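Here is the structure we will look at, set down as structure tokens.
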Amino acid sequence: ARQIHLKSDPPDAGTEHLVQAAGQLRRGIADVDVAKYLVQVETDHMGLGSGYGALERALLVVAAILADKEIWTYPK
């Protein structure tokens, strides 16, 4: 899987939604609500549907965003 660096990679259609999710988490929106947003993006904008495990996968993405201690830092 490709690693996405939100600080240095130019946003495209896919990473823009991750940037939005990270911003929501930074503003204190609940993890599960951000995960539901990501599932909605998959369903409405990517046409992937909200099949079995979609919310669980989205929660893993949320956990990965929260685990990145440098997400809101900038290169020197």
Side-chain angles (χ1 to χ4, degrees):
R2 177 178 176 263
Q3 232 181 3
I4 297 172
H5 301 281
L6 297 178
K7 298 178 294 288
S8 60
D9 288 347
D12 60 21
T15 58
E16 184 61 34
H17 295 297
L18 293 174
V19 171
Q20 290 294 325
Q24 291 177 22
L25 291 166
R26 187 175 192 198
R27 291 190 305 274
I29 294 175
D31 296 6
V32 70
D33 291 331
V34 176
K36 287 178 182 178
Y37 161 77
L38 292 171
V39 171
Q40 180 184 6
V41 167
E42 283 187 359
T43 303
D44 296 346
H45 301 285
M46 299 174 148
L48 299 177
S50 60
Y52 178 78
L55 184 59
E56 289 78 11
R57 283 192 313 276
L59 285 167
L60 290 173
V61 172
V62 167
I65 292 170
L66 291 171
D68 186 345
K69 300 301 180 199
E70 297 181 3
I71 196 166
W72 297 113
T73 62
Y74 294 93
K76 293 180 182 180

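Source: prediction; values computed, not measured.
In terms of heavy-atom proximity, A58 sits nearest to V39 at CB-CG2, 3.8 Å. A pairwise comparison of heavy atoms in L38 and H17 identifies CD2-O, 4.2 Å as the closest pair.
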Can you list, pair by pair, the side-chain donor-acceptor contacts under 3.5 Å of residues 21-32, counting residues two or more places apart and other chains?
from : atom 1 : to  : atom 2 : distance (Å)
R27  : NH1    : G23 : O      : 3.2

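Under a hydrophobic clustering in which Ile, Leu, Val, Met, Phe, Trp and Tyr are joined whenever their side-chain heavy atoms come within less than 4.5 Å, directly or via other members, V62 and L60 fall into different clusters.
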